[in-house]
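Heads up: the structure comes next, in structure tokens.
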Amino acid sequence: MIIVLRPHATKAHADELLDKIASLGLKPLYMPGTERVVLGALGDERELDSLHLENHPMVESIQRVLAPYKLVSRELHPHDTIVSLGTNGGAVGGGRFTVIAGPCAVESLEQLMGTAEAIKAAGAHALRGGAYKPRTSPYAFQGLGEAGLKILQQVSKATGLPVVTEVIEVADVEIVDRYADAFQVGARNMQNFRLLQAVGQSRKPVILKRGMAAKVDDLLMAAEYVLAEGNPNVILCERGIKTFETATRNTLDLNAIPVIKLRSHLPVIVDPSHGTGVRELVAPMARAGAACGADGIIVEVHPHPEAALSDGKQSLYPAQFDAMMRELASLVPVLGKTLA
Ligand code: PEP
Ligand code: MN
């Protein structure tokens with residue numbers, strides 16, 4: 001339920017109403033805007049009928065939130081959310097086009113430092129790299145674990161780039177929180193609800209990737225789990241879905257971008273690396289992502305993709321990344337955004 005207060009309502013009026021909402025066992029929300037204060041009440045809305053808020057002198061209007069994902073929905077929060085990526089100033093949303101780049105997996109200090117220096121010189125805003133890798137095969141490289149997190153932190157300090165890394169289980173949330181600026185919850189864990197709740201208890205940003213067989217509404221419901229725990233800093237990510245098509249690793253569903261923009265206030269980025277699986281297709285689909293309204297991209301870059309321990313085929317050479325950034329530098333302003 002959304003409760004819009006009259007322009008002259010004071011903080012004391014808002015507090016009185018919030019207390020009444022809380023006394024019914026509903027979750028009260030306080031959302032001050034530039035012209036009006038909006039209150040929210042989450043939970044069983046029928047409970048609110050007993051309050052007859054429509055008769056309150058400071059209440060201008062009451063609306064029900066129809067979407068099942070209340071906090072994620074644009075109905076509750078009409079303006080775009082901007083998510084800050086750590087203390088170094090990187091942010092996603094609100095007219096920026098943010099570029100997050102780095103290897104699929106952290107392999108060594110030398111590999112990550114080399115990648116970070118190259119992407120920074122080309123204009124990237126944040127560094128990615130997995131220390132815990134969810135691999136299809138149990139025999140494939142599983143990541144360096146805490147040693148990888150330490151490398152991420154060291155490289156972040158040296159370059160000033162905020163770092164994003166994947167967390168694959170609840171038990172690792174605390175340690176990842178200690179080293180990284182943002183969590184990534186991967187496609188395979190999009191509906192790991194306990195993991196979503198655990199990252200929801202942090203205040204660090206969460207890049208939530210769409211499951212490969214998940215509908216847009218499933219992604220939005222998954223994001224609701226994080227927001228419901230009190231963490232509003234969610235960045236959604238379209239990374240391709242499974243279809244009958246085999247020419248590419250996945251089918252990058254760019255329809256999802258404007259659909260999400262209509263339904264949610266959360267920023268949304270595109271992953272053309274996993275979305276295509278082919279390095280030659282990454283730059284064109286990054287440009288397509290920008291054109292359809294994405295707030296940024298996350299792409300894989302490796303100094304020697306042919307020797308990468310994971311996802312080498314879709315990893316860009318640093319020179320390709322640099323060329324892509326130059327193309328984006330001319331495209332993004334035409335789209336009314338800034339290259340963050
Ligand atoms: C990754 O970013 O390397 C990754 C494993 O992504 P996804 O969860 O989208 O497959
Ligand atoms: Mn990968």
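Note that ligands are numbered from 1 as they come in the structure, with each ligand's atoms numbered from 1 the same way.
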Glu300 to ligand 1, any heavy atom closer than 4.0 Å: yes
Within-cut-off N or O pair, Asp311 and ligand 1, under 3.5 Å: no
Atom 6 (O) of ligand 1 [closest protein heavy-atom partner, distance rounded to 0.1 Å]: Lys209 NZ, 3.0 Å
Worked check of salt bridge (charged side-chain N to carboxylate O under 4.0 Å, His left out) between Asp295 and Lys261: CA-CA 10 Å; Asp295 297 294; Lys261 286 283 172 199; 2.6 Å; yes
Side-chain ion pair, Arg279 and Glu300, N-O less than 4.0 Å: no
Met212 heavy atom under 4.0 Å from ligand 1: no
Salt bridge flag under 4.0 Å for residues Arg64 and Asp49: yes
Crowding at CZ, Arg326 (>12 non-hydrogen neighbours, <6.0 Å): no
Protein heavy atom at shortest distance from atom 5 (C) of ligand 1: Glu166 OE1, 3.7 Å
Residue Glu306 excluded, over 12 heavy atoms near CD under 6.0 Å: yes
Atom 2 (O) of ligand 1: nearest protein contact (heavy atom, Å): Arg128 NH1, 2.7 Å
Closest protein heavy atom to atom 4 (C) of ligand 1, given as residue, atom name and distance to 0.1 Å: His274 NE2, 3.4 Å
Metal-centred angle, the Mn ion (ligand 2) as apex - OE2 of Glu300, SG of Cys104, 10° resolution: 90°
Nearest neighbour in protein (non-hydrogen) for atom 9 (O) of ligand 1: Arg239 NE, 2.7 Å
Nearest atoms (heavy-atom pairs only) where Lys337 meets Gly293: NZ-O, 3.3 Å
Atoms of ligand 1, numbered as shown, that sit under 4.0 Å from any heavy atom of Cys104: 3 (O)
Heavy atoms from other residues, nucleotides or ligands near NZ of Lys313 exceed 12 (cutoff 6.0 Å): no
Heavy atom of the protein closest to atom 8 (O) of ligand 1 (residue, atom name, distance): Ala187 N, 2.7 Å
Nearest to the Mn ion (ligand 2) - the N/O/S atom of Asp311, by atom name: OD2
Electrostatic pair Arg249-Asp311, nearest N-O below 4.0 angstrom: yes
Subset of ligand 1 atoms that lie under 4.0 Å from at least one heavy atom of Gly186: 8 (O)
Cationic N near anionic O, under 4.0 Å, Asp44 to Arg46: yes
